[in-house]
Each structure stands twice: as C-alpha cells, then as structure tokens.
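Naming: A, B, ... by sequence-line order, numbering from 1 per chain.
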Amino acid sequence: MPLLPLDEYRRMEVRLWPDFNMSTRNIIGRRKFLRQTGAALGAALAVPTFIPASALGRGGAIAPSERITMGFIGVGGQGTGHLLGGAWTYLTGGYTARKDVQVLATCDVRRERREFTCQKVNDHYREVYGEKFTPCKTYTDFRQVLDRADIDAVLIATPAHWHATMAAMAAQAGKDIYCEKPSAVTIGESQQMLAAVQRYGRVYQAGTQQRSEYGGKFRTACEFIRSGRIGKLQSIYAYRDGGGIFWPPRFGPSRPAPDSVDWDLYLGPMPWFPYDGNVGAHRFDIGELNWGQHHYDIVQWAADADNTGPVELFMEEDRSCYKYASGVVVYGKPYPGEPVGGDGGACFVGTGGRIAVDRDNLVSDPPDIVQEPLRPNEVHLYHSNSHSGNFLECVRTRQPTICPAEVALRSSSALLLGGVVKQLKRPLKWDPAAQRFPDDDEANRLLSFGRRPPWNV
Amino acid sequence: MKRFFPLAISLLALALPPQPAQGADPAEEDQQIAILQSSRPLADKDAACARLKWIGTAHCVPALAALVVDDQLSHSARYALESLPGPEAEAALLQALPKTAGSKQIGIINSLAVRRDIKAAPALGGLLSDADAGVARAAAMALGRIGGPQALEALQTAWSDTASGALHEAEVDGLLACANQLLTEGRDSAALKIFQRLYDTGKNDGTRHAAFRGVILASGRRGISLMAGAIAGNDGASQGAALQVAAKIEGSDATRALADLLPKVKVAAQIALLECLDQRADPSALAAVAQMAGSPDPDVRLAAIKALGDLGDGSVAGLLAQQAASAIGAEKSAARLALLDLRRGQVTPALLESFATAAPAVKPELIRAIGGRGDMSAIPRLLELARSQDDGLRSSSLQALALLAGPAQLPDLVQLVVQATTDDARSEAADALNSACQRIQSRGGHCDVEELVKAVRTGPLEARLALLPVCSGLAEAPVRDALRAAMEDSEARVREAAFRALCDTRDGELLPDLLKAAGGAGDEKMRVLAVRGCVRLATQEEGVKLSNDQKLAALKTILDKPLETSEKRLVLSGLGAIPDTQALALAAAMLDDPSVKAEAAQSVVQIANALAATRPEEAVAALTKVLADHDADPAILSSAEEARKKIWKMSGFVTLWQVAGPYEQQGKDFSALFDIPFAPETGDAASVHWRDLPASANPAESWKMDLLQALGGQQRVAYARTWINSPKEQNVRLEIGSDDGVKVWLNGLVVHANNASRALQAGSDEVDVTLNQGWNPLLLKVTQNTAGWEFCVRFAQPSGEPVAGLRAALGPDAAGR
C-alpha cells in the first residue's frame, strides 16, 4: 500500500486481516556491496592438517607416556567447549577426545563446573580405555594444578582479569600454555607475561584462533593484502574499537558466598569486594575487551605489524582509532555499507581495491581480487589449520606457535591502547619500541593496574 | 549492542571518569585528598583513591601513604600510588614497607617491583629471610624484576644450592630474571655464570629448561654447539630448551649445525628440527631436509615434505613429484601441495625439464603441478606434449592446459581436436577446450570463437561431433548460427549432436529454438531432453536473465502441447522457481492432475514461500488447496502447513500508531520508570501531544515500530496508542514483542506488564484478551534502557489462524462513520 498523506491516513481504517493490505511488504534483499567469493576458494589447494600419524593413534592407541598431559583451568562455557567440544570449537569431542592428550585436571572456582567436567572426562576415558587410566581430578586452586609435575600443559579459560597473571605463573611452574583472549587486561601485565614465558622458554598459544581456523579465510586475506592485491594498504576498518578494565567499587552490602564458590580465588588480582553473586567472565570489561583481540590480531597480521604497534591514537565518531608508522590508519568501526567484517574481521582498503573478511566471508571489490588462488611468488604466511593442533604440535617440537606470546602482546596492546584513548578522549602518541606514551604521565598511568596480594608475577 | 547488560549507573560513573584528567584542576585533587583524610565512609575513600590514580600528583602522596598501611584501604591507595609518577610516590611505598606485614607488605613489595625501584633493593634483600614465607617469596621475585647489582647480590647470597621449596623457586625466578637482564645489557659472561649454576643445581625440569636456555644464549658462538649437543642428547630439559632457542639463533652457522643433526637424532627430534628449519626459512638447509623426505618414518617424511615446499627450489621438484606419485594419503597431498608452494628460483622450467627422465607415473604429477601453479610460460611445451602418442602424457598435458590456457590458446586447442587421431585424444582435447572457455568466461574474459566455428562448420566429421558440445557453453552470435546450421545438416549424427548441444545451451537467445524443438514431433526421448533444456534455460541458468513474464511464456508454450508425465514434472520444477502469481495458478491447477499432484504441491509450496511477503493472500489460498488433499504425502502436507503458518505469522501486525513522549525522570532508570504514571495513563489528556509514529524506514521490517528512530535517547518511556475494531465480541491472542519493557492497556485496563530489558522478538509475550464489538482503544507504554527501542503488536486466533474482519485506525471517529 502506498504511503498516504497523513490526513487521509488518519481518516482511514486499515484492515489487519485477511487482505493483508496494510503496508508495503516488498522484501528488498540486502544490497551486497561486495560480492561473495566462489564457494571453494583454493579448495584444490587444501592442505591436510599436519598432525603426525603417531599423534592420531596410528594403530589405534598411544602409549600414556606419549600423550600430552593437560590441566584445564576455568571450565565455564568457553573452557568446557575446548575440553569437551561444542559448536564453536570445530573440535569434535574437544581435547578430551584426542588420543594424544590426557586430561588430568579440571579446575574452577565453581564446584559444579569442575565436578561436571571432570565427570565427563572420566566417563569418556572409561569408555575408551576401560578401567586402566589415570583419572582426571578436580581442583579449586589452580596453583595445585601448576604444582603437579605430571602435567605438561594448561589451557586457561578463566575470566579475563586472570589471564595474564595465571599464564605467567604457569610459565614459572614450567608449563606450556594455551590462554584465551584477551591475553591481558593491561599492557603492563602483558609485558610481564611475555617476560615470564620467554624466561622459562615455554610454548604459548593465544586463543586468537582466527589465524588457524575458518577455512583459512583470514590467513588468505592477509596473504592477499601483504602480496599487494589491493595495492598499497591505506586504511583498515576493524569493526570494534578498544577495551580495558575498570576498578570496581569495593565497599557495598555484603552477602555470604556459598561454599560452592571460591570468591577469593575468583577475584584473584582484582580488588576485594563483597560477594554479589556475579562470577561472570567479563564483569570488569570496558568496551570491546572481550572480542576486540580477535579483530586486532587480524589487523596486525595484515598490516605486517606483529613486531610493533600504533604510533598515534585518536578518537573519531566516538570510536578509538590509530595509525601505524607506515601511515596505515586503523578505524575502530565498520566500513560504511560493508556487512562483512563484523564477525571477528575487518575491511582493508588499498589503492587498488578492498578486501573484507570475517568468520563467514571473504569478499573483495573488485570481486576477482579474491578469486584467484595464492600464487607461488606471493607472500605465504604461517600455515596452520587447527589452532589446538598447532599448539599441541609445538608442545612437542618446541617451535613457535602461530600466535605466540610476542604476537599476543602486540595484538592485545592494539586493543588495550584503544581502551586508553577511549578513556582519555584526547589524541595520544605511543612508542611501540619502548612501549610507553612519550612524555605523557597521565596516559602511562593506565599501563598497569595494581594487583591484590599475593598475586604477582 | 543488543547483548549489553545494563550496569548500575553508579558503577558506570566509576568505570569511566566523567572527564579526561589532563589539565584537571588542583582543586579537585585537594577535594579528593580531603575525602581521604576525613571520616567519610570507606566507599568514598576508595572512590577518591580511584580518582587520584588519574589525577594525583606528588601533592596527594602523603594522604595515600597514610592509607597504604590501612587494612581496608591499602589496595585502593596502592592502586593510585603504584602508577603515580615521581620520586615521592616511590619513597612513600618504600617507607611503608617496614611498617607493614603479611599481605599488605606483599602488596607494597609488588608495587615496588612494578616501579622497578632500585632504591628498594636493600630493604627487599632484608626481607628474603623474613619469617613470613609469602613475604620472602614476594621479595625474591621483586628483586628479579628490579635487577641491578644489589638485587643480584642479595639473591645470590640468599640462594643455596641445596635448598628447595617455594622460596627457593622464587629466588631462582629472581636470579633468572636478573641473568636475562644481564643478557640484554650484553654482559654475557656474568649472565652465563648465573645460568650455569642454576642449570647444574636445578631441582626440576622447568628450572633446568629455563637455565639451559640462558646458557645457550649467553655462550656466544659456543652456544650453537651447546645447542646441537643438547638436541642430540638424552636430557629432556636441555633438549627442549635447545630446540626452543634454536628458533631464535640467527645465521647460517646455526642453520648448518641444526641441519647436520638431522640424520643423527631420533624421530621426535627430527620432526622438531624439520619444523624449526622450515620456520627459519634458510634455504641452505635444503639438501639435508630433502634427505629426510626418504626417511623410513612417515611422520618425518611428512614434516620434510612440508618444509621442502617452503625451502625448496626447482632442484627438489623431481623428488616431490615422485613422492606425490608414490605416496598415499596425507603424504601424497602434502607433496602435491609442496609442488604448488615452491617459490625459490625457476621452478616451472625445472618441472618441464623433469619430464625427460620422469617415470610414467610421475609425469602426471608434474603436469598437475604446472597447471596448479598458473605459470603461463609452460604453455608452449604443454601444447607440444598434448600431441604425444603417450596417453598418460597427453591426458595430463591437456588437463594442465585446461587450467592454464588463455584466449590466445583457444585456436590451438581447437586444432588439437581437429587433428586428433583417436577418440580419447579428441574428447580430451574437447574437454580441455571447454574447461578453458568456461574458466575464461567466469573471470570476465572473452573467447574468440572464430576457429571453433570454422571447425564446427567445415571440419572433419569426428571433430565436428566432438566440438558441438563445446558450443553449449558459449553465447555468441557466430556460435548460435553454427549450431542452427548444424541442426539442419545433411549428416544425421551432426543433427543429433547439434540437438543435444542445443538442449545443453546456456545461451538465452536460443530459447525460441529450444521451445520449437520441444514442441516438434519426433523421438520422445529427445523431446524430453528439449523440455528439460527449456525449463533449465528459462528458469535456472544464472547467465540468462528473463523477466517472470518471459519465463512464464516459455513454460506456457510447453504446457500448450500434450505432455508426458515426466515432461509435466519438469515444467513444474521450472514453475517452482518463478515467484509469480501466474506460476502459482498454473501449478495449483496441476494439483488436480493425479499423475503430478505431488510435484505440483511441491511447486506450490515453493512459490508460496517466495510470494509470502508480496502476495500473501494468493499464497495462502494455494496452500489451502494443497492442504485440502488429505491423501497427499505427509511431508508435503507438513511443509505446506508450515508455509501457511509462516505467512499468517507475518500478518496481522498493527502498524498504525500514534506516539507520545518521551517521558523521563531524573535519577530514575528505565525499569523504575515502568511503574511511574505519566500523563497518557493518568487521564490528563490535554497535556499530551500525540503524533503519528512513522512506519519503519526499512520496508522489510514494516511490522516493527521503531521508537529509537522517532524519539531516540536512553532511560525513558514512550506511549503508543491505536484503536482496534472487531466485528463481534471475541477472544483473541495478543502477541507482543518489545525492546525493552512493555505495559499494555486494552479498553482502559492493564492486560499485560513486562518490565523487561531485552531485544525485540516478535511474539515473545502472548496474552489472551477479549475484544468488544466495535472500537477497542489500545495503549502501550514502552521503556527504553539503551540501544534499541521498538515494539511490535499482532492479533491472531489462539490457533495462529487469522482473525477475520479486524481493523485498526487512529481514533474511533477515523472511519468517519
């Protein structure tokens, strides 16, 4: 029905049923600004996951002594997904189902989580191995997991405020580490974490799995960009901006914590305040602390900035933005009119076109940029097609993972620097080599966040 | 931001300082200091500390220092002091150290560590023997962070070879940190002493691993041989450390040392070394890596092949091709991938050269690689090889040409077809030509068809027969003409091949020809092919853009003739793809034909779904006809039922509303406003300004009423009103969705209240209500938290079916009755 002048509209009756003539119902398909790629991008060139046959149980079984023993610290939604498998983890049955892994510990400040997951693990092992296996045990205090000499590696999926502190402690205890994003909640603690991982020579994988998963779309996009397929890279739209952490109010009405929750261990390095029932993973987040590192990890990779960071930061339309020394500008917002990029990705604009990528799509304008497979003489980036597989392989070979602590520091810093400029709301300069704001006392204060004792690294 | 969880406003105020601190005025700092020194509640002092973290200067240090020793506020004060620039803050922390004990003291120690306060080293050294183990541990780690000669000496004095336990490990950590600091300063021999001692006395693998890493890094040139020795050795800790450090030691000496180890170490170490050499990207390791491709262990072979792809040049092409030919599974794929990955030196010439000596099974792998690499310089040689008498060679070359050939090579490919001497050669060449044409067109290129057309018209018979199918994939006038001519050819086999090519054509201009062929008398099988071709060309071919009317005209032409069941089915499948009421009518008519009623029903459902939004009435009518046949397949009935329900569900939304507001009250958030009555509900009609609420900007979402667009803002409410006319008194279901909360008055009485904070979901709330005969005023109150602000309202029967005769208007007099 066409829109009528208001007076007539008011005078009219409008039938609700059954003529269905109430209003226009033409469905206009969402305009596609960039066309989709063909379905099987580079399918002819698909690489098998490099997992040594022995790891997959050549002949069926792997001797217990050959398995990588693991402890899972933080078994909420994310941790349980890693441990037992789930829709998002693209890992059927999780680490528990892998024959080259033995899960020996589940640890959580919430009793029902650690007990539930432990039960599931033992049930599975019982089915596969009969009665002869070393059972998984539960822990409230992760330090007891770190104390176990028989555990090789830990997977940390605790709330964000624990990540860097716990990863550093795990390194000091001689463990290899898979740690969920965000890798750190301040740049200061990120540096401490990196120092500990390096000092102890541990293998570390950041939970920024986009470099490995999703059919290699992100890697392919970065390879195309770094090979010059969109000309000279000029700007990047990161779809999300910066993030950080806030100091929570400490004094309020108190209620007793149930004995199924260890509130003190939940808080960890955060300041003490009375139990309030919220043991969420992101309750201290500012801005995009939860998702941002996924986006900025890809931004960094595409911009060839894994060893460096921004030099200038500023706000635009209420979003944090920054510039690299190369001149490339990164905007913490969507590219106008481009829907691809929102799910973990970004839109990259160059002198010769643009590429947008996220977990579901890889598209370009003009469209043929992404249609041709990577040529031999173009840039080839670190190739992994399983983030967990890559981690476990590197635990054995001691070689750098695809997202080692050095990369994690820079990707998380890109995010956290955005958080600083969001809070200060004024332009900033950053020295990526010294990792400080030159001559800016006010900004430098936000590089660290005093921990509650006894936690320190 | 629909997933945003509302924080209490006070929390937000603390999380984000109300204004940037730069240039914050000293008066504010004084205010905060005064709070700290007053008897205000703890919460206020904590907030003051949090504020001083941002704006504090040396001026506030004494007030903070006084609190750093306070049990309750120590952490809050430290939060500010730890990052406060200047020597005063540092001194205050140091001074507080001896005044505290236990956990407070540990906190101060940690802050001194973060500040790297050298002056704290003596005091911290003293605490290494503190009775409180936690304090001693913290002091040890802090000394490591601070570094410098005093810290180092204190740690070395305290540390003992024979001790063990948590304090000992903390001292080790401190020493490791100091030693690494010395390394960065270039003081290798001092660092080495520490690392060596820690390695020799280390109590666990973690320590020894960390120490040995340091030993290697601090040993200068000797480090390489130490690294190699450890990798070849039996000690897990040093071997692991050596492998890990290997990635960091640059230079060809290191590469050589690592490569030399390959044949000497066990399988696990070989795999690690291969991965290491791969990541080092130093091609001087190539020969050693290539040797490993022949290892008896499959995992080693796999690792080697992968590394060869990154390190290799043309010299390993033959080896990889052999592997690709003889291996199976993961190794085969890896070898094929490595051949595509090779990127050093001149690879294509090497691949081509390998032909001369390659075994028969290997040749196809070489060709496959050439094709996959996309290097056009291989084309001349491939064209030669495509004429080979060797079947395998010819076949692979043509496959590669299918991937590589550009427009310039099309005449050559045509010639290969014309000059082929066997059927296989001819059909393979035709396939290659066809693939090349399709690939060129899909990339937006143009195919010059002159040679092809010439050969189709005047080439040898067998060549003409092989080339006619290639015409199907082209849409050019000369090809069209050649095809038409071939349909009339004197040779029967040519006529048949042309007919088949016509049936497969993608050229929309040939639709009339195809329709004529479908209607023509003759062989039934051919006619079915033609009908299929028409349906495909009219409704399914991506490159053929016909209007719905044109598509329908084509299908009607076919339907006008008598058809076999199989042909009717084909037409129905074509109709199903046309979202048009005429198509719907034609398909619905065929529901009466028992031989095709199942396919007709499927088409009706398909078309109805496509027309759901634009022609819901016709769609529902057709679906109802499908549902009238109770003997139909249950799966079809259920999909028709679902389609009809979906259409009903999209209908009946009330989109005629007036809005008043926004209303807000200071200090009250959206949920508090829910129960505060504003003018529209208090009956104070005169003060309320009602205005029309515009329809959604997005026609696809016309069922949603967008308050954010109309009014905007946060923490407020708005009211919406309309009048519903019902032909009789009846019970109906009122379905509501809202972002955020909603309260509903029908005929002046509250029938629903949901003080929610949520995203809009149509029908999330269902209320059974009674409508009076005549006009029923409907009033909504919708709250707004943040982000989206919208609602949708719909009336239906409880069963989901429509409610006949309901109308909406803006005002009971609107109808002008």
Interchain contact, [X] with chain A, by part (heavy-atom threshold 4.5 Å):
X: B:L73; answer: both
X: B:L42; answer: both
X: B:R373; answer: both
X: B:D173; answer: both
X: B:A177; answer: both
X: B:S111; answer: neither
X: B:S76; answer: both
X: B:R336; answer: neither

Are [X] and [Y] close enough for a salt bridge, meaning some N to O gap below 4.0 Å?
X: B:K53; Y: A:E442; value: no
X: A:R451; Y: A:E189; value: yes
X: B:R343; Y: B:D310; value: yes
X: A:R396; Y: A:D176; value: no

- Query: Above 12 or not: heavy atoms from other molecules or residues under 6.0 Å from CG of A:D150?
  - Reply: yes

- Task: Please find out if less than 6.0 Å separates the ring center of A:W247 from that of A:F449.
- Result: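 Judged by ring-centre distance (under 6.0 Å), A:W247 and A:F449 do meet the cut-off.
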
- Item | Side-chain donor or acceptor of A:R452 paired with backbone N/O of A:M270 under 3.5 Å |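 Yes; at least one donor-acceptor contact below 3.5 Å.
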
- Message: For B:Q239, is there any backbone N or O sitting under 3.5 Å from a side-chain donor or acceptor partner on B:H209?
- Response: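 No, the answer is negative, given that no donor and acceptor are paired below the 3.5 Å cut-off.
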
- Message: Please enumerate all residues that pass salt bridge (Lys or Arg N to Asp or Glu O under 4.0 Å) together with B:K104, with sequence neighbours excluded.
- Response: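 Scan of B:K104 (salt bridge (Lys or Arg N to Asp or Glu O under 4.0 Å), adjacent residues dropped) gives B:D71.
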
Who among [options] has the most heavy-atom pairs with chain A under 4.5 Å?
options: B:G374, B:C276, B:G134; result: B:C276
options: B:L176, B:D375, B:N180, B:L84; result: B:L176
options: B:R213, B:K248, B:E169; result: B:R213
options: B:S74, B:S83, B:G206; result: B:S83
options: B:A43, B:G107, B:P85; result: B:P85

- Query: Would B:Q244 and A:Q399 satisfy side chain to side chain donor-acceptor pair (under 3.5 Å), going step by step from the backbone distance to the final call?
  - Reply: CA-CA 6 Å; B:Q244 204 247 351; A:Q399 298 310 304; over 6 Å; no

- Task: Kindly write out the residues that satisfy side-chain hydrogen bond (donor to acceptor under 3.5 Å, both in side chains) with A:D318, not counting sequence neighbours, or none if the list is empty.
- Result: none

[X] versus chain B, the contacting section by heavy-atom distance below 4.5 Å:
X: A:P269; answer: backbone
X: A:R375; answer: neither
X: A:Q192; answer: side chain
X: A:D368; answer: neither

- Test side chain to side chain donor-acceptor pair (under 3.5 Å) on A:Y382 and A:N390 and set out the steps. CA-CA 11 Å; A:Y382 191 135; A:N390 176 251; 3.0 Å; yes

- Query: Highest number of heavy-atom pairs under 4.5 Å with chain B: which of A:G450, A:G201, A:A196?
  - Reply: A:G201

- Task: Heavy-atom pairs under 4.5 Å with chain B are the metric here; pick the option from A:V203, A:L446, A:N377 that has the most.
- Result: A:L446

